[in-house]
Amino acid sequence: MSKLIIAIPSKGRLQEKTHDFFGRAGLKVLQPGGARNYRGAIKGLDSVEIAFLSASEIARALSDGAVHFGVTGLDLVHENIADPGATVHIVTPLGFGPADVVVAVPKAWIDVETMADLSDVASDFRNRHGSRLRVATKYVNLTRSFFANHGIADYRIVESAGATEGAPAAGSAELIVDITTTGSTLQANNLKILSDGVMLKSQANLVASLNADWSDEALTGARAILDRIAAEEAARDVKLVKAVVDDRTQALRAVSHVGALQRFSESDDMNHVSVLCPKDAVADCAQLLIAEGADTVTVETLDYVFSKENKLFAPLQEKVGS
Ligand SMILES: Nc1ncnc2c1ncn2[C@@H]1O[C@H](COP(=O)(O)OP(=O)(O)OP(=O)(O)O)[C@@H](O)[C@H]1O
Ligand SMILES: O=P(O)(O)OC[C@H]1O[C@H](OP(=O)(O)OP(=O)(O)O)[C@H](O)[C@@H]1O
Ligand SMILES: [Mg+2]
């Protein structure tokens, strides 16, 4: 039948962190035949198949419905998918691969700080040179819509495959649109970001295709994957706090004010409290338990918190389930 196909980066910046992410969720990616094989599996999950693709190919595969899930940058989703709202569903941001898509101009353009300034320059440029301002980028679609939203029409795109930041110095364009994380490449090329020139704040996301064939088997695979991912995400936000108090009912009421909740069926020991507490409220929770008679409060880090209601699966099922 049709398995759940998950596309993950086969190379580049997002590859290693994607493997780490799946590893944290207890999902071991198997690549039989080594790095050259572009189909793989996840250990113990027969309903899932892995496709190894480049980050930009993943965005296109999601658009075509050739894969069910993909890990890729939000920049590539918006650049390569015409109507992302109708074509894909963002399952969850993954917290790695941060980068901004920005409009950058030469630092020497001291009068140009905003998109409005750029708009003036674009018109002037055309009047003076008879040709249009050139923007070097590989983000052709993002650039067109961002410039249109700023009412800029007097420009032309010079498609750039790499080393985009070098274009102004090389004389092949006046300005650029590109992705930046540390800013060091822009700096090294004497370019500055316009103050309102951040087009998109990107990071790696787990994305679902709404065009894929969501068979029952694929949905079963998705549920299995998202159970583990949601459980790992949930575990990152909480700690397990334990103590022996004078009166459990009263202690639970006290710590509920900082968001700490008893999650387990009551143990026989009427004085034993064991709560899941939001990470930033742990110290407050401990103080409250000490005030309720505890001598010692212990705090544990958890690997997983599984719940009956899966916050990641439910919204997906609503969109693709029959
Ligand atoms: N500093 C950065 N520079 C470029 N990309 C970054 C940066 N930080 C995170 N990324 C993310 O990594 C993606 C690029 O990854 P990678 O270079 O592997 O793919 P690619 O260039 O699309 O591959 P190909 O062009 O060969 O298909 C970006 O689109 C972005 O989402
Ligand atoms: O703001 P920074 O931290 O300097 O990072 C941004 C730079 O990194 C990327 O290039 P990459 O190294 O992927 O080379 P590429 O041009 O071949 O994609 C990107 O295209 C920028 O040039
Ligand atoms: Mg690259």
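Because only heavy atoms are used, hydrogens play no part in the values below, and waters and symmetry mates are left out as well, while side chains stay in. One-based numbering, in listed order, for ligands and for the atoms of each.
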Pairing of Asp20 and Arg24 as salt bridge, 4.0 angstrom limit: no
Enumerate the atoms of ligand 2 whose separation from the nearest heavy atom of Glu165 is less than 4.0 angstrom. 21 (C), 22 (O)
Hey, is Gln187 one of the residues with a heavy atom under 4.0 angstrom from ligand 2? no
Which one holds for Leu14 and ligand 1: side chain close, backbone close, both close, or neither close, with close meaning a heavy atom under 4.0 Å? side chain
I need the full list of salt bridge (Lys or Arg N to Asp or Glu O under 4.0 Å) pairs touching residues 151-179, with sequence neighbours left out, sorted by first then second residue. Arg126-Asp154, Arg134-Glu174
Identify which of Ala161, Ser56, Gly162, Pro98 has a heavy atom lying nearest to atom 27 (O) of ligand 1. Ser56
Atoms in ligand 1 with a heavy atom of Gly97 nearer than 4.0 Å: 9 (C)
Are His257 and Leu288 side-chain neighbours, meaning at least one heavy-atom pair lies under 4.5 Å? no
Is any side-chain heavy atom of Leu62 closer than 4.5 Å to a side-chain heavy atom of Val67? yes
Which is it for Ala99 and ligand 1 at heavy atoms under 4.0 Å: side chain, backbone, both or neither? side chain
Give the numbers and elements of all ligand 2 atoms closer than 4.0 Å to a heavy atom of Thr185. 2 (P), 4 (O), 5 (O), 6 (C), 7 (C), 22 (O)
Per-atom contacts of ligand 1 with Ile179, taking only distances under 4.0 Å to non-hydrogen atoms: 3 (N), 4 (C), 5 (N), 30 (C)
If the cut-off is 4.0 Å to any non-hydrogen atom of Ala163, which atoms of ligand 2 fall inside it? 16 (O)
Which of the numbered atoms in ligand 2 are under 4.0 angstrom from any heavy atom belonging to Thr182? 1 (O), 2 (P), 3 (O), 4 (O)
Nearest heavy atom to atom 18 (O) of ligand 1, choosing from Ser202, Gly12, Pro9, belongs to Gly12
Applied to residues 86-113, the salt bridge (Lys or Arg N to Asp or Glu O under 4.0 Å) test, sequence neighbours excluded, yields Asp100-Lys201, Glu113-Lys192
What atoms in ligand 1 come closer than 4.0 Å to a heavy atom of Gly73? 31 (O)
Classify the ring geometry of Phe96 against Phe21: parallel below 30°, tilted from 30° to 60°, perpendicular beyond 60°. tilted
Going by atom types only, do Ser215 and Ser2 share a side-chain donor-acceptor pair under 3.5 Å? yes
Please step through salt bridge (charged side-chain N to carboxylate O under 4.0 Å, His left out) for the pair Glu232 and Arg236, ending with a clear verdict. CA-CA 6 Å; Glu232 194 276 333; Arg236 257 185 281 157; 2.9 Å; yes
Check whether any N or O atom of Ile179, backbone or side chain, sits under 3.5 Å from an N or O atom of ligand 2, and answer yes or no. no
Is it the side chain (CB and beyond), the backbone, both or neither of Asp178 that lies under 4.0 Å from ligand 2, heavy atoms counted? side chain
Atom CG of Asp46 with >12 non-hydrogen neighbours under 6.0 angstrom: no
Give the atom numbers and elements of ligand 1 that come within less than 4.0 Å of a heavy atom of Lys11. 18 (O), 23 (O), 24 (P), 26 (O)
N or O pair under 3.5 Å between Glu57 and ligand 1: no
Can you find a pair of side-chain heavy atoms, one from Leu133 and one from Leu118, that are under 4.5 Å apart? yes
